[in-house]
Amino acid sequence: MSEKRATREAYGEALVELGHEYPNIVVLEADLAKSTTTVKFKKEFPERFFDCGVAEQNMMAIAAGLATTSKICYTGSFAMFATGRAFEQVRNTISYPKLNVNICPTHAGITVGADGASHQTVEDIALMRVIPGMTVIVPADFYEAKKAIKAAAEIDGPVFIRLGRAAVSTIFDDSYNFVPGRAIRLREGQNVSILATGIMVEAGLKSSEELARQGIKAEVINVSTIKPLDEKTIIASAEKTGKVVVAEEHSVIGGLGSAVAELLCEKHPVPIIKVGIKDQFGRSGEPAELLKYYGLTSEDISQAARKLTAL
Amino acid sequence: MAARAITDKQTLIEYLEAKARRLRWDIIKMVGLARSGHPGGSLSAADIVTTLFFHEMRHNPDDKDWPDRDRFVLSKGHAAPVLYAALAESGYFPKEDLWTLRKMDSHLQGHPDMRKTPGVEISTGSLGMGFSTAVGMALGLRLDGRDSRVYTLIGDGESQEGIIWEAAMFAAQHKLDNLVGILDYNDMQIDGLVSEIVDIQPVADKWSAFGWRVIEIDGHKVEQILDALDEARSVKGKPIMIVANTIKGKGVSFMERVVDFHGKAPTGEEIDKALAEIEELGPLG
C-alpha cells in the first residue's frame, strides 16, 4: 500500500486502452477533460472525443443518441453535475431505454477538498442506485478503477463508476481480477464485518489492524459493486460475525450503508453502524482534514466496531 | 414509401393530404378509446409527420434496424398518437394495436418507448431531451460515414427547455447538416398561449443566431413542407430548423386553438363528430 494514485487517473488510461480495443467507443466531456483525465483519450482519438462544453445535461442526452447508433459511450464531468444536474437525462434518456452509456464522473465525495460543498457530492451513489437497471461501482483504488472502467464496456446497459480526485493508496495491482457484482473479502475475521467501498476500503483495512491489536478480529470486505449488490457474500459475513460496520465517503442516507441495511433487515437482521457523512453538506478543506471532520477515518470505523462488539 | 413512386407533384400532395387525414382519424379514435392523451399537438403535427414518413424519409418497416435508415425523433413525445398512427400506417405493427394505446400490456405507452414499440428510435417524453438525442444520432451516423438523415420534431412550449439550446449550439458547432429540426409552432402549451407564458419569439431569429439555417413555413401546407424538406437537403455545413406555423387541434373545428385539448381526450359524441369532420375533409389515405 505504498503507491498513491487517484482513481480518476485510471479513467484516461483505461479509455485509451479501450479506444484501441473498441472502434465504437466514444468519449464525451463537459469542459473538464484535464481534471477527469479524458484528455488522454482526446489526444489519441480526437475524432471520437466530443467536448460538449459546460452542458452536462446535453452531454448525457447526446451520449444516449450516440448509443442508439451502436456506440459505447463514456461520459466525463464531475460526479456532482453528472449525477445531480443531469439526473433526469441519465434516468430518462439513458437508463429507461437501457442504453450503453458508462457514466464515470470524477471528483466524487468530500475529498474534492478545497472547492467546497457545491462540488462535493455526497448523494451521487443514492441518486444512481435508485435508477432501475443501473450498475453502480465505487472502486477502491487506481487498479480497481481501471479494471472496472474497462469491464463496463461489456456490461449491457448503463453503468455508473464513481471516481475520486485525491490520490489514495493502492490496494490491488495490475493482476487484480475485477468481476462486476462481486464483493471481495480482503481480511477474514469472526467478530465484526467491515463492509467498505471506495476510499474507505483502505481505512477499513487500517481499522482491522487497529482492532486486531485490541483482540477484535474484523472481516474486511470491499463492496465495490453497490448495485447489483453481492448479497451472498454480505449475508454470509453477517451470519458469521453478527455485527456490521459499513463505511463510505457518502451520505449515510442512500448509499452502501442503506443498501446493506435494506438487504440485511430482510434477509438476516444484525446490528449495523453506518460510518458515513451524517446528512450534511461538505465544506472546504484538505482531504485529510475533511475525512477527520466528517468522521471517515480508520479510527471512526474502529470505534463503531468496538461499540458493536461490546454489545 | 409508396409516395416515392409518385412523380407528379400535385398527385403526391393529394396522396399525402389523404394520408394526413387518415392519421388524424386514427389519432382521434385512439385517444378517444384511451380516454386520455394529447390530441391537440398530435393533430397540429399530422401533416409534417405524414410528409416525413410517407415521402421524405428512407425507412423500411420490414427491416426496422436497417443501419442506413433515416431517423425520426419525436422530441415532443406527448404527441405519441401521431407517431403511432404513422408507424402503424407504415406497417411497423398491426393497425388494431392503436386501439390499445395507454392500456395495460399495450406496447403503445403514453409516451414513446423504443424498447416496446417497433419503429420508435428513442424513448422520449421528458421535454427537450429527444432533441438532444437526435443531435447525438446525427453525430453517430456521421461518424459511421452513413448518409442517413435525422429528423426531429420539437414543440414550442418545449423550446422553453434549456437543453434545446445547449443541443442547438452543439449541433451548429459540429456542422450537423444531416439533422433537420421541425418546430411545431402552434403557440399553445398546457397552461395557455406560449406567447403569454414565456414567449419564444423571435424564434426564427433565435435559431439563426444559434447557427442554424431557418426555413419558415405553414405546417399544414403539404407543398410547403415538401419544399422545405427539399431545401433542407441542399444545406451544407449547418443544421436546419423548419419553423412550421401550425394550429393546435388542426382538422377538427371544435378542437382547433383550444388549449384544453392539449392533454384532454374527446369523449362520446365529440369523438364521432370529430371523426365525421375529418372524413368530410376528403378521402382517407
Side-chain angles (χ1 to χ4, degrees), chain A residues 19 22-31 41 45-75 77 81-82 85-101 103 131-133 156-158, chain B residues 64-73 75 77 109-117 120-146 148-150 152 154 161-174 176 178-179:
Chain A
Y22 297 83
N24 60 331
I25 274 182
V26 174
V27 175
L28 296 107
E29 185 50 85
D31 199 36
F41 184 91
F45 304 101
E47 72 290 351
R48 283 192 271 154
F49 177 87
F50 297 98
D51 201 322
C52 300
V54 194
E56 299 80 9
Q57 302 173 25
N58 189 45
M59 173 178 75
M60 292 301 178
I62 297 253
L66 280 163
T68 68
T69 64
S70 306
K71 307 294 178 292
I72 300 171
C73 297
Y74 280 81
T75 62
S77 192
F81 315 121
R85 190 184 195 109
F87 175 79
E88 207 214 329
Q89 281 74 17
V90 172
R91 194 263 190 197
N92 269 329
T93 69
I94 293 172
S95 306
Y96 176 44
K98 203 174 185 242
L99 294 169
N100 289 323
V101 179
I103 299 148
I131 299 175
D156 193 27
Chain B
K64 68 180 180 60
D65 298 321
W66 178 33
D68 287 319
R69 70 192 183 280
D70 291 337
R71 269 76 165 171
F72 175 72
V73 175
S75 192
Q109 296 290 294
H111 294 81
D113 182 333
M114 68 181 285
R115 297 294 180 202
K116 291 197 167 76
T117 307
V120 169
E121 297 287 354
I122 183 131
S123 307
T124 54
S126 181
L127 295 174
M129 296 186 205
F131 180 70
S132 181
T133 61
V135 174
M137 276 180 206
L139 187 66
L141 292 167
R142 192 174 69 184
L143 270 178
D144 291 343
R146 300 186 196 281
S148 309
R149 294 169 72 75
V150 179
T152 180
I154 65 171
E161 290 279 8
I163 194 172
I164 291 280
W165 305 100
E166 292 182 8
M169 281 189 276
F170 183 93
Q173 178 73 30
H174 292 278
L176 293 175
N178 57 342
L179 175 68

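A, B, ... follow the sequence lines: proteins, then strands. Residue 1 opens every chain.
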Heavy-atom cut-off 4.5 Å, strictly under: side chain, backbone, both or neither for [X] against chain A?
X	result
B/Met129	both
B/Ala134	neither
B/Leu143	side chain
B/Ile122	side chain

B/Arg115 and A/Tyr96: side-chain contact (heavy atoms from CB on, under 4.5 Å), yes or no, with the steps? CA-CA 9 Å; B/Arg115 297 294 180 202; A/Tyr96 176 44; over 6 Å; no
Can you see which heavy atom on [X] is nearest to which on [Y], and at what distance?
X	Y	result
B/Ser132	A/Asn58	OG-OD1, 2.5 Å
A/Asn92	B/Ser126	ND2-CB, 3.5 Å
B/Ile163	A/Ala61	CD1-CB, 4.1 Å
B/Met114	A/Leu99	CE-CD2, 4.1 Å

Between CZ of B/Arg146 and OG1 of A/Thr69, what distance do you get to the nearest 0.5 Å?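 So the CZ of B/Arg146 and the OG1 of A/Thr69 are separated by 8.5 Å.
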Distance check, rounded to the nearest 0.5 Å: A/Gln57 atom CD versus B/Glu161 atom CD?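 Here the interatomic distance stands at 8.5 Å.
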In terms of heavy-atom proximity below 4.5 Å to chain B, should [X] be classed as side chain, backbone, both, or neither?
X	answer
A/Val26	side chain
A/Glu47	backbone
A/Asp51	backbone

Side chain to side chain, B/Phe170 and A/Met59, heavy atoms closer than 4.5 Å: no
Heavy-atom check, side chain of B/Thr133 versus side chain of A/Met60, under 4.5 Å: no
Mind checking what makes ring pair (Phe, Tyr, Trp, His ring centres under 6.0 Å) contact with A/Phe87, not counting sequence neighbours? none
Interface residue of largest heavy-atom contact number with chain B, from A/Thr93, A/Leu66, A/Asn24, under 4.5 Å: A/Leu66
Do you know which of A/Val54, A/Thr68, A/Ile62 has the most heavy-atom pairs with chain B at a distance under 4.5 angstrom? A/Ile62
Please list all pairs passing the salt bridge (charged side-chain N to carboxylate O under 4.0 Å, His left out) test where one or both residues lie in residues 120-130 of chain B, with sequence neighbours left out. B/Arg69-B/Glu121
